[in-house]
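To keep things clear, I will list the structure first and then write my remarks on it.
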Protein chains: 2
Amino acid sequence: MSKIKKDKSTEERILAAAKKIFVMKGMAGARMQDIADEAGINKALLHYYFKNKEKLFEVIFLEAAGKLFPKINEIFLADKPLFEKIESFCAEYISIVMENPYLPLFVLNEINQDPEYFLSKVWKGKNLPMPEKFLAQIEQEVAKGKIKRISPLHLLMNLISMTVFPFVAKPMFQKNLGLDELQFRSVMEQRKKEIPGFIIDAIKK
Amino acid sequence: MSKIKKDKSTEERILAAAKKIFVMKGMAGARMQDIADEAGINKALLHYYFKNKEKLFEVIFLEAAGKLFPKINEIFLADKPLFEKIESFCAEYISIVMENPYLPLFVLNEINQDPEYFLSKVWKGKNLPMPEKFLAQIEQEVAKGKIKRISPLHLLMNLISMTVFPFVAKPMFQKNLGLDELQFRSVMEQRKKEIPGFIIDAIKK
DNA sequence: GTCTATAATTTGATAGAC
DNA sequence: GTCTATCAAATTATAGAC
């Protein structure tokens, strides 16, 4: 701690500013000047802290991806009954993303720019997604006759789609359904129960 | 028809090139040079046909949005039984998007850049989304005791999410689930039946 | 309509003073 | 660490010949 009692270190303010601008405009659309302005500094100082735009972007992107992917992998690896997994995934994922509603679109969009590069960045070494266990668990439930004969792959896609997509299409849903910020939050809060209930109704015998 | 028998007019080639580049890189990331190269012409000619980048982009964006939104509005306005609506929506929407899998992410991303502006462009005047009828129809089915007591809003979100999201997250799903191009298409083909079946199981009494 | 050459502007990045 | 001033490269857009 070289410095005491300042609201926020310059680096912290840069990172907060960069996150805001990058998530809003994307890598290509973001301007170093905008980030500097947002952080209350100038471009030179920005480059002093982060050598170039690419380096700064990588920090922001990896932090964003780090908020979204581990939670998905958790559901793959956890040692819990199927229904519990689905319930806790919806609730926890929505809670996390509700604080940063635009992260999923940001991350998915950048991944789309160069899937190989970005996906390798996301889980280089560890953190690899292992959906096999989860898919096998569904198979077993089917085999045991606990749930309907459903394709594990499609069930997984349905779960993730219903949980994540409303955030990706947030402006569209808000405009078309006439939801203000508060109402949108409320709807997403409901979905923590609504989605698991919907799935259970769909697959229970 | 001033000219006869040429593979493709210059304007057509420009539009095809612009679509490819804009959809791949987004408005901010696309380069006029790339579009010119892709079309086999030079930048000057590109500006001769379309005054500037913004104008060209608008044409592409509106065409893309025009492929995605009317189909959604159709389900809102059509005069058909609920189940039929859901079935035909899934099948038709997936068929349309399968030929341009990256359109949804492109459109959603640009809308996110400036929701007011882009959404006003999409349905200026006509083409306004009218979800009320569809939501009311669900209410009625519930009231008549035909289906479970479910929130119309959430059912609508679930339907659209399950249909659209796999395209938005295409690279992620492909990488994580180990699907090549052909397998992905096959999975989406299955979903034309899988999604309606899933929904029916979830809401039928 | 199409091209070459070039202007005009934006923007990422650096030099050097304090 | 932070700033001002400036450069160098990239990129949109135009002028003008054919």
Atom pair distance, as rounded to whole Å: CZ in A:F57 and P in C:dA13: 14 Å
Would you check if A:M32 and A:N52 make a side-chain contact, meaning some heavy-atom pair closer than 4.5 Å? no
Compare side-chain N and O positions of A:T10 against OP1 and OP2 of D:dG1 and report whether any pair is under 4.0 Å apart. no
What heavy-atom pair brings B:P70 and B:A65 nearest, and what distance separates the two atoms? CD-O, 3.8 Å
Report, as a single string ordered 5' to 3', how protein heavy atoms within less than 4.0 Å touch nucleotides 7-18 of chain D: B base, S sugar-phosphate only, - not at all. ----SBBBB---
With a 6.0 Å cut-off on the ring centroids, do A:F89 and A:Y93 count as close? yes
Would you say B:N42 reaches C:dC3's phosphate, i.e. side-chain N/O to OP1/OP2 under 4.0 Å? yes
Parallel, tilted or perpendicular, judged at 30° and 60°: which one describes the rings of B:F61 and B:F118? tilted
Nearest heavy-atom pair of B:F76 and B:P129: which atoms, and what distance? CE1-CB, 4.5 Å
Got more than 12 heavy atoms from elsewhere within 6.0 Å of NZ, B:K80? yes
Is the distance from the ring center of B:F57 to that of B:F22 below 6.0 Å? yes
Protein-nucleotide distance (A:K25, atom NZ; C:dG12, atom P), rounded to Å: 11 Å
A:I41 CD1 to D:dT4 C1', straight-line distance once rounded to whole Å: 15 Å
Atom NZ of B:K133: over 12 foreign heavy atoms under 6.0 Å: yes
To the nearest Å, give me how far apart CZ (A:F50) and P (D:dT2) are. 13 Å
Over how many whole Å does the gap from B:L45 atom CG to C:dC3 atom P extend? 6 Å
Which residues in residues 13-22 of chain A have a heavy atom closer than 4.0 Å to any atom of DNA chain D? none
